[in-house]
Amino acid sequence: MTTTLLKHEWLRTRGALGTALGMIALIGVLGSLLGSAGWPLLSQLGMALGVLAAVVAVPAVQLVLAADYWRTGYGRTGYFTHSIPVRGSAIFWVRLVWAIIASLAALVLTAGLALVAWWAAALHSGLTSPSLSLLSDTWAAVTTAAPPWMIAAGLIAGLSSFLIWPVYYYFAVSVGHERRLAALGAGGPVVVFVVVYVATQVLSLLAMLALPFGVAMDAGGSLEFVRFDILGEVAAGAAASNDVMPVGFVAASAVLVAYCLWRTARSWNYKVALV
C-alpha cells in the first residue's frame, strides 16, 4: 500500500513540480548566461536571477507540495483523501517521504544552478572557475581540518536544515485545521506556523544556554569543540567572537521536529475536522 500511495503522490504532483522546477531551471540558466555576457546592468540582473533561482528551488518545491497537502487533505478533495481505507498517519508519512524526495531533487538542481552561476561570475571577475580539481582540493582541506564523524554530522545537519521545513508546514496545516482552530479558516495554519517559528527561536536560545558548546578552528587549522557562552557573547556586543559555531540549537530542532511529526500523525488519526 505504501508503494501505491507513493506512486499516487508522484502522479498527482508531477505536473506542478515539473512546471515549478522547469521554470526555475530556465530562469537560472538564462540568467547566468546573461550574466556571462559582461554587459553593464543586464549582466548584473542576469546574475541576480541566476543566484535567486538556485536559492528558491528547494523552498518553491516545498511550498508547492504544502499547498497540495492543504488542498487535497483539507480542501474540497479532503473527504476523498480521508475516506481511503488506510490509517491517516500512513498517508501523512507517505506524503512527507515524497516531500523529502522532491526536496532532494530540488537540492540537486540548486547545486547545478549554483555551479552555472559560479562559472558565469568567474568569466568577468577574479573568481576561480569551478572544476573537479578545485572541488577535490576543497574536500581535501575539509577532511584535513575535521575528523570523519564531524564531517558526517555537519553534512547531516546541513541537509536536515533543508528537509525540516515540510515537517513544519504539514504540522501547521494539520493542526490549523483541527476543530478548535477551524473557525479561523485559512488563518488557522498561519497562526500555527507563526507559533512554530517563535518556538524554534525560543527553544534554540534555551538549548544554547543548556548546551554551551560550539565548533571553532584552533591555531593548527583543525576544528574542535569549545565552550560557547551565548550570554557573554551578547554582552560583548561588537567585541563578540564570530569564529564559533554554536551547536545547541541542533538539539532544539531535533526535539521540535520529533514533536511535530508525532503530533501531525496523531492529528491525521484522531483530530481531522473538515468543513
Side-chain angles (χ1 to χ4, degrees), residues 1-33 49-117 155-156 158-177 186 189-190 192-193 257 260-261 264-265 267-269 272 274-275:
M1 180 58 73
T2 298
T3 304
T4 301
L5 291 174
L6 195 59
K7 179 181 178 181
H8 182 68
E9 291 298 307
W10 152 250
L11 293 174
R12 193 185 68 254
T13 61
R14 62 181 178 180
L17 289 177
T19 300
L21 290 175
M23 290 182 61
I24 291 171
L26 182 63
I27 292 172
V29 172
L30 291 181
S32 295
L33 290 177
L49 289 174
V51 173
L52 180 63
V55 171
V56 304
V58 176
V61 164
Q62 293 175 345
L63 288 173
V64 166
L65 291 179
D68 174 81
Y69 179 91
W70 188 329
R71 177 179 58 83
T72 60
Y74 302 92
R76 294 181 178 179
T77 58
Y79 288 97
F80 170 76
T81 300
H82 292 281
S83 67
I84 297 175
V86 179
R87 193 168 175 83
S89 57
I91 299 175
F92 160 65
W93 286 114
V94 167
R95 292 192 169 194
L96 183 61
V97 168
W98 175 240
I100 292 174
I101 293 173
S103 297
L104 291 174
L107 195 58
V108 172
L109 176 61
T110 292
L113 292 178
L115 287 175
V116 173
L155 291 175
I156 292 173
L159 189 60
S160 298
S161 68
F162 290 96
L163 302 181
I164 61 175
W165 290 101
V167 176
Y168 295 152
Y169 294 150
Y170 290 5
F171 170 82
V173 171
S174 293
V175 175
H177 278 93
V190 175
V192 175
F193 183 79
V257 166
C260 289
L261 290 173
T264 308
S267 180
W268 272 83
N269 286 337
V272 175
L274 300 179
V275 179

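FYI, the numbering just counts along the sequence from 1.
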Inset, instruction - Drop me the distance from L52's CG to L113's CG, to the nearest 0.5 angstrom. - result: 10.5 Å
Inset, instruction - Write out all pairs satisfying side-chain hydrogen bond (donor to acceptor under 3.5 Å, both in side chains) with one or both partners inside residues 14-32, taking only residues at least two apart or from two chains. - result: none
For a quick test of reading the model, state the closest non-hydrogen atom pair linking [X] to [Y] and the distance between them.
| X | Y | value |
| --- | --- | --- |
| W70 | A186 | CH2-O, 3.6 Å |
| V64 | A16 | CG1-CB, 3.9 Å |
| L5 | V86 | CD1-CG1, 4.2 Å |
| S174 | Y69 | OG-OH, 2.5 Å |
| T110 | A57 | OG1-CB, 3.4 Å |
| A117 | V51 | CB-CG2, 4.3 Å |

Inset, instruction - Can you run down the salt bridge (Lys or Arg N to Asp or Glu O under 4.0 Å) pairs that involve residues 52-72, sequence neighbours left out, and say none if there aren't any? - result: R12-D68, D68-R71
Inset, instruction - With sequence neighbours excluded, tell me which residues meet side chain to side chain contact (heavy atoms under 4.5 Å, CB included) with A265. - result: S89, F92, W93
Below 3.5 Å, can you tabulate the donor-acceptor pairs from side chains in residues 158-169 to any protein atom, sequence neighbours excluded?
unit_1	atom_1	unit_2	atom_2	d
S160	OG	I156	O	2.7
S161	OG	G158	O	2.5
W165	NE1	S161	O	3.3

Legend entry - Main-chain N/O of T4 paired with H8 side-chain donor or acceptor, under 3.5 Å: no
Inset, instruction - Evaluate the side-chain proximity of L65 to Y170: yes if any heavy-atom separation is below 4.5 Å, no if none is. - result: yes
Inset, instruction - Please name all residues satisfying side chain to side chain donor-acceptor pair (under 3.5 Å) with S267, sequence neighbours left out, ordered by chain then number. - result: E178
Legend entry - For T264, side chain to side chain donor-acceptor pair (under 3.5 Å) partners two or more places apart: none
All N/O donor-acceptor pairs, side-chain side in residues 94-102, below 3.5 Å, sequence neighbours left out:
unit_1	atom_1	unit_2	atom_2	d
R95	NE	E9	OE2	3.3
R95	NH1	T72	OG1	2.8
R95	NH2	T72	OG1	3.1
W98	NE1	T13	OG1	2.9

